[in-house]
Amino acid sequence: MIQIVTGDPRPIFRQIVDGLRMKIATGELEPNTKLPSVRGLAMQLMVNPNTVAKAYAELTSEGLIETRKRIGVFVCEPRQRLSDAERERRLQEALQHFVSAVVSLGFDTEEILDRVSVELEPVKSQHDGTRGSGESR
Amino acid sequence: MSDYVIETDGLYKVYGRKAALSNLSLHLPRGGVHALVGSNGAGKSTLFRILLGISSPTVGWSRVLGTDSQTLSPKTRGKIGWVNEEHTLPVWMTVEQLVDMQRAQYKSWDEGAFREVIRHFNVLSEQKVGQLSRGERAGLNLAMAMAQSPELLILDEPTLGLDVVAKQVFLESLLFAADHDECTIVYCSHQMDEIERVAESLVILERGRLASFSSLESFCERVSCWLLELDGGLPLDRIPGLLQTREVDDLTQVVVLDQDERFQEVLESFGARSVQRAPIGFDRAVNAYLNRNHHGTRLEIH
């Protein structure tokens with residue numbers, strides 16, 4: 001389901017969090033999908049189970065997944081748990097990161113914007129799907 | 001029960017005029033997998049020998065599982081598992097004879113734990129130990145160490161010389177057979193990819209001293225890599241936190257410790273152009289750290 005690589009600038013814990021968050025955001029993992037157990041995912045990825053437990057804890061605190069006692073770990077229904085100010089702050093931070101990384105690469109603005117749109121495409125259709133009231137039918 | 005599996009304080013081991021351990025103070029908490037990293041000659045083997053009571057410190061003290069390591073009782077010694085890279089076992093015995101012997105040695109022998117590990121390896125009880133492959137011997141060693149129900153398991157380069165498949169099976173057995181709350185693992189290796197997968201904390205030994213002890217993530221956060229263009233040379237002795245410099249085509253790469261965004265200005269003040277911060281992975285961060293005292297001798301910057 002998700003892939004991790006060693007030698008990546010992101011620690012394995014971060015790769016698991018990012019990988020699952022992306023899959024949930026794109027709808028590849030739908031609400032109420034059962035995730036592998038901590039041990040199960042650790043075995044799939046060949047990593048320390050405590051690393052997976054830590055990643056699950058982070059996603060739980062973000063409200064993306066939840067543990068149902070003795071049944072397993074599940075993807076939550078989408079909801080916005082962050083305040084508007086916090087969302088704004090995080091967006092700004094991510095943008096600054098992105099801009100400083102791409103500014104010296106020599107692409108023109110239009111090309112960069114196009115590429116961003118393509119990357120966001122799967123996420124966009126998912127959000128439209130959950131927010132549109134009955135339109136998707 | 002002590003909160004630490006390993007405690008050393010002001011530990012020295014001197015051989016002739018050379019100190020293998022030099023004022024080593026290490027407090028390793030119970031639980032989890034700790035990686036132990038150091039260049040050759042950093043003092044890892046000396047430390048293990050002292051901890052296991054095979055060798056005695058010149059100055060200072062060490063405790064294992066709360067007991068002075070120089071006076072370990074057989075009972076405490078039995079709670080320490082030890083797997084080294086040699087995988088030396090009596091070659092003339094059959095697997096069954098060897099396992100019978102070990103089973104008789106350890107009161108707390110856990111047959112379930114033994115089977116749980118050994119089933120991953122193609123080892124038959126009637127086989128002579130001498131006929132086993134390196135990977136199979138590693139597996140047998142690990143299975144016997146696990147069966148001891150150790151509170152502390154020390155693995156010294158356990159996957160050295162194993163092929164990819166044997167390595168994977170070994171790591172899998174290690175990660176999923178042990179209950180890491182009950183058994184603290186010290187994993188000593190030069191394989192950064194293994195450490196990244198297996199370990200939660202990182203201990204770096206350097207010339208017999210404790211150089212760093214933190215989680216893997218916080219270690220990575222301390223190390224940053226910068227790419228820059230340069231006409232002249234960099235005054236290496238004036239760069240704060242310098243670990244490593246390298247020239248790649250027209251770019252100079254500088255790896256530093258504990259520097260934030262302001263480091264860009266430092267580099268620019270030395271005449272650097274188009275300074276960029278580049279991502280750096282765990283393996284490179286550790287290698288740069290281990291190389292830090294070599295940059296003056298190994299690299300010539302014009």
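Here is the naming used below: chain letters follow the sequence lines, and residue numbers restart at 1 for every chain.
B/F176 has its side chain within reach of A/P49: a pair of non-hydrogen atoms, C-beta onward, lies under 4.5 Å apart.
Judged purely by atom type and a 3.5 angstrom limit, B/E172 has no side-chain atom pairing as donor or acceptor with the backbone of A/M46. A donor-acceptor contact shorter than 3.5 Å is absent between the side chain of B/R284 and the backbone of A/P9.
Residue contact with chain A, scored on non-hydrogen atoms closer than 4.5 Å, involves the backbone and the side chain of B/Q168 alike. If you measure heavy-atom distances from B/I280 to chain A, the contacts under 4.5 Å come from the backbone alone. Proximity to chain B (any heavy atom under 4.5 Å) is shown, for A/A42, by both the backbone and the side chain.
Minimum interatomic distance between A/N48 and B/V198 (heavy atoms only, all atoms of both residues): ND2-O, 2.7 Å. Looking at every heavy atom in both residues, B/R197 comes nearest to A/L45 through NH1-O, 2.6 Å.
More than 12 heavy atoms of other residues, nucleotides or ligands lie within 6.0 Å of CD in A/E86, so this atom counts as buried by the packing criterion. The 12-atom threshold is exceeded at CZ of B/F48, counting heavy atoms of other residues, nucleotides or ligands nearer than 6.0 Å. Heavy-atom contacts from other residues, nucleotides or ligands closer than 6.0 Å to CG of A/D108 number more than 12. In B/R115, the CZ atom is not crowded: 12 or fewer heavy atoms of neighbouring residues, nucleotides or ligands sit closer than 6.0 Å. Atom CD of A/Q44 is surrounded by more than 12 heavy atoms from other residues, nucleotides or ligands within 6.0 Å. For A/E111, the CD atom is densely surrounded, since the number of other residues' heavy atoms within 6.0 Å is greater than 12. The number of heavy-atom neighbours closer than 6.0 Å to CZ of B/R262, taken from other residues, nucleotides and ligands shown, is 12 or below.
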task = Using the side-chain contact (heavy atoms from CB on, under 4.5 Å) rule, take B/E196 and A/D8 through it: C-alpha gap first, then chi angles, then the decisive distance, then the call.
result = CA-CA 10 Å; B/E196 215 182 332; A/D8 191 274; 5.5 Å; no
query = For B/M192 and A/T6, what are the C-alpha separation, side-chain angles and deciding distance, and is it a side-chain contact (heavy atoms from CB on, under 4.5 Å)?
reply = CA-CA 8 Å; B/M192 294 308 145; A/T6 56; over 6 Å; no
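Chosen from A/M43, A/K54, A/R14, the residue pairing most often with chain B at heavy-atom distances under 4.5 Å is A/M43.
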